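To start, the structure under review is shown below, and the notes come after it.
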Amino acid sequence: MVIAGVARGSGDAGGAMEKSGEPGAARGARVLTIVGALLAVVLVVCGAVLFTRGGHEEAKAAGRPDDGGTPRATAAAAIPWQRGAPSSIDAVRTEGGGRTLAVTVQVAAAAGGHGEERCARGLRGVVDTVEHGTVYVTVTYESRSADRRSGCTVSRPETTRVRLPKAVGDQQVFINSQDVFTAHGAKAPALRRCGDQGCDPAPVGCTGASYQQALADADVPQHSQWDRRGCDGRWMVLDISSRTGAACGDPGPDCVSGVRTTRWFYRATADAWRAITTTQTAGCAAVRRAEPAFPEALCAGLAALRDPSATGEPAG
């Protein structure tokens with residue numbers, strides 16, 4: 001009876017194992033399968049992350065956006081081309097015995113030096129007319145730089161060639177109505193850019209033409225008049241008078257105008273008179289503060305100027 005009880009107990013244990021699931025070996029295999037599946041998921045996720053990062057780096061190196069938007073090159077292609085003048089004229093030289101001008105200008109370019117073909121094209125120069133000893137030239141090109149989205153935010157040099165009706169010789173070249181060049185005084189084959197005083201300014205000295213150029217350097221109103229108060233070829237004093245008040249014709253009760261005179265002191269440079277300072281007071285105090293080397297002989301005897309806004313004595 002005891003043995004029978006034991007056998008029955010063993011049978012109960014077997015039944016319990018069947019109810020709880022598969023044997024230990026099968027259970028271990030299933031655990032390994034689950035772990036393998038989880039590892040596969042982790043590997044897939046990591047691969048996707050690495051692929052995305054690689055795509056971002058590739059986009060950055062290629063100049064494309066990394067946010068999934070439209071690539072910059074595609075966006076630039078949608079921006080219309082516009083023809084206009086270059087930002088500056090850098091240099092002009094002659095070729096072919098003076099019959100050709102090589103004009104170097106600044107055109108729009110992409111920051112970083114990539115994709116320049118999307119920023120500038122069609123650079124060309126043409127002769128508009130030749131008259132009164134001047135060759136008038138227009139230089140233009142097409143660009144997308146007017147729209148900042150193009151990425152064309154910097155510039156680079158580019159050269160175009162212009163065929164002339166005849167050798168430039170001693171003619172002046174006027175480009176885009178802003179820059180004048182001449183062969184006079186230049187080292188061939190380059191042309192020389194003319195300055196504010198023209199291509200052949202009057203020599204600096206105590207002459208009427210030289211005083212007129214000094215007036216231009218003073219940046220005073222048009223039609224101002226000058227009175228030379230002293231000049232020794234290196235230093236100069238001009239009293240420059242300009243009209244003040246309303247520009248309404250003849251002075252009257254409803255239109256009060258006058259003349260204001262200011263004393264200008266100059267020093268000579270290689271190519272022009274350059275202003276040092278101004279005053280309305282007497283003597284040398286103002287100019288000697290600005291330029292101690294200014295000769296006292298040219299200013300010591302100068303009287304003060306009358307201020308038209310004052311009602312009393314001259315300033316001084």
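Note that the numbering runs from 1 along the sequence shown for the chain. Worth knowing before you read on, the calculation uses all heavy atoms, side chains too, and leaves out hydrogens, waters and symmetry mates. Please read all numbers here as calculations on a predicted model, not as lab measurements.
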(message) Tell me if the CZ atom of Arg234 is crowded by more than 12 foreign heavy atoms within 6.0 Å.
(response) no

(request) Examine distances only and state if a side-chain atom of Ser210 and a backbone atom of Thr207 form a donor-acceptor pair shorter than 3.5 Å. (result) no

(message) Check for me whether Arg267 meets the cation-pi criterion with Trp273, that is, NZ or CZ under 6.0 Å from the six-membered ring centre and within 45 degrees of the ring axis.
(response) no

(request) Quick one: closest heavy-atom pair of Ala286 and Thr281, and the distance? (result) CB-OG1, 4.4 Å

(message) With side chain to side chain contact (heavy atoms under 4.5 Å, CB included) as the criterion, how do Thr279 and Val287 come out once you've worked through the C-alpha distance, each side chain's angles and the decisive distance to 0.1 Å?
(response) CA-CA 8 Å; Thr279 188; Val287 67; over 6 Å; no

(message) When you compare the side chain of Asp227 with that of Leu238, does any pair of heavy atoms fall below 4.5 Å?
(response) no

(message) If hydrophobic clusters are built by linking Ile, Leu, Val, Met, Phe, Trp and Tyr wherever their side-chain heavy atoms come under 4.5 Å apart, do Phe294 and Leu302 end up in the same one?
(response) yes

(request) Using modelled atom types only, decide if a donor and an acceptor are shared between the side chain of Asn176 and the backbone of Val139 within a distance under 3.5 Å. (result) yes

(request) Taking all non-hydrogen atoms of both residues into account, name the closest pair between Thr182 and Cys194 and its distance. (result) CG2-SG, 3.7 Å

(message) I need the minimum non-hydrogen distance between Ala304 and Ala282, along with the two atoms involved.
(response) N-CB, 3.5 Å

(request) Taking Arg99 for its side chain and Pro165 for its backbone only, find out whether a donor-acceptor pair lies under 3.5 Å. (result) yes

(request) Answer yes or no: is there a donor N or O on one side and an acceptor on the other, between the side chain of Arg118 and the main chain of Arg144, under 3.5 Å? (result) no

(request) Indicate if Val168 and Val92 have the same hydrophobic cluster label, given that clusters are the connected sets of ILVMFWY residues with side-chain heavy-atom separations under 4.5 angstrom. (result) yes

(request) Could you tell me whether the side chain of Arg260 reaches within less than 4.5 Å of the side chain of Ser242, counting heavy atoms only? (result) no

(request) Report yes or no: does Ser143 contribute a side-chain atom to a donor-acceptor pair with the main-chain N or O of Ser145 at less than 3.5 Å? (result) yes

(message) I want to check something: taking the side chain as every heavy atom from C-beta on, are Glu158 and Gln106 in contact at a cut-off of under 4.5 Å?
(response) no

(request) Decide whether Tyr141 and Val137 are clustered together by the hydrophobic rule: side chain heavy atoms of Ile, Leu, Val, Met, Phe, Trp, Tyr closer than 4.5 Å, transitively. (result) yes

(request) State, yes or no, whether a side-chain contact exists between Glu291 and Phe265 at a heavy-atom distance under 4.5 Å. (result) no

(message) To check you understand the geometry: which heavy-atom pair defines the closest contact between Trp264 and Ala218, and what is its length?
(response) CH2-O, 3.1 Å

(message) Could you walk me through whether Arg263 and Gln280 satisfy the side chain to side chain contact (heavy atoms under 4.5 Å, CB included) test, starting with their C-alpha distance in whole Å, then the side-chain angles of each, then the deciding distance to 0.1 Å, before giving a yes or no?
(response) CA-CA 6 Å; Arg263 182 160 294 143; Gln280 287 187 309; over 6 Å; no

(request) Kindly determine whether Thr269 and Asp271 satisfy side chain to side chain contact (heavy atoms under 4.5 Å, CB included), including the steps that lead there. (result) CA-CA 5 Å; Thr269 65; Asp271 57 357; 3.2 Å; yes

(request) Using a strict 4.0 Å threshold on nitrogen-to-oxygen distance, state whether Asp147 and Arg149 make a salt bridge. (result) yes

(message) With a 4.5 Å cut-off on side-chain heavy atoms, are Arg93 and Leu191 touching?
(response) no

(request) Answer yes or no: is there a side-chain heavy-atom contact under 4.5 Å between Glu142 and Gln82? (result) no

(message) For Val103, run the side-chain contact (heavy atoms from CB on, under 4.5 Å) check against Thr160, Thr159, Val173 and tell me which one passes.
(response) Thr160

(request) Enter the distance from Arg228:CZ to Tyr211:OH here, rounded to the nearest 0.5 Å. (result) 4.0 Å

(request) Could you note down all residue pairs passing ring pair (Phe, Tyr, Trp, His ring centres under 6.0 Å) where residues 162-203 supplies at least one of them, sequence neighbours left out? (result) Tyr136-Phe174

(message) I'd like to check Arg124 versus Thr140 (side-chain heavy atoms, cut-off strictly below 4.5 Å). Are they in contact?
(response) yes

(message) Testing the basics here: between Arg163 and Val127, what is the closest heavy-atom pair and its distance to 0.1 Å?
(response) O-CG2, 3.7 Å

(request) State yes or no: do Leu305 and Leu298 share one hydrophobic cluster built from I, L, V, M, F, W and Y residues joined by side-chain heavy-atom distances below 4.5 Å, directly or via other members? (result) no

(message) Within a 6.0 Å radius of atom CD on Gln225, are there more than 12 heavy atoms belonging to other residues, nucleotides or ligands?
(response) no

(message) With clusters defined by side-chain heavy atoms of hydrophobic residues (ILVMFWY) lying less than 4.5 Å apart, directly or transitively, does Ile175 cluster with Leu123?
(response) yes

(message) In the structure I gave you, are the side-chain heavy atoms of Leu164 and Thr100 within less than 4.5 Å of one another anywhere?
(response) no

(message) Pair Asp239, Thr262 - check side chain to side chain contact (heavy atoms under 4.5 Å, CB included), show working.
(response) CA-CA 6 Å; Asp239 285 351; Thr262 302; over 6 Å; no

(request) Work out which heavy atom in Met236 is nearest to a heavy atom in Cys231; give both atom names and the distance. (result) CG-CB, 4.0 Å

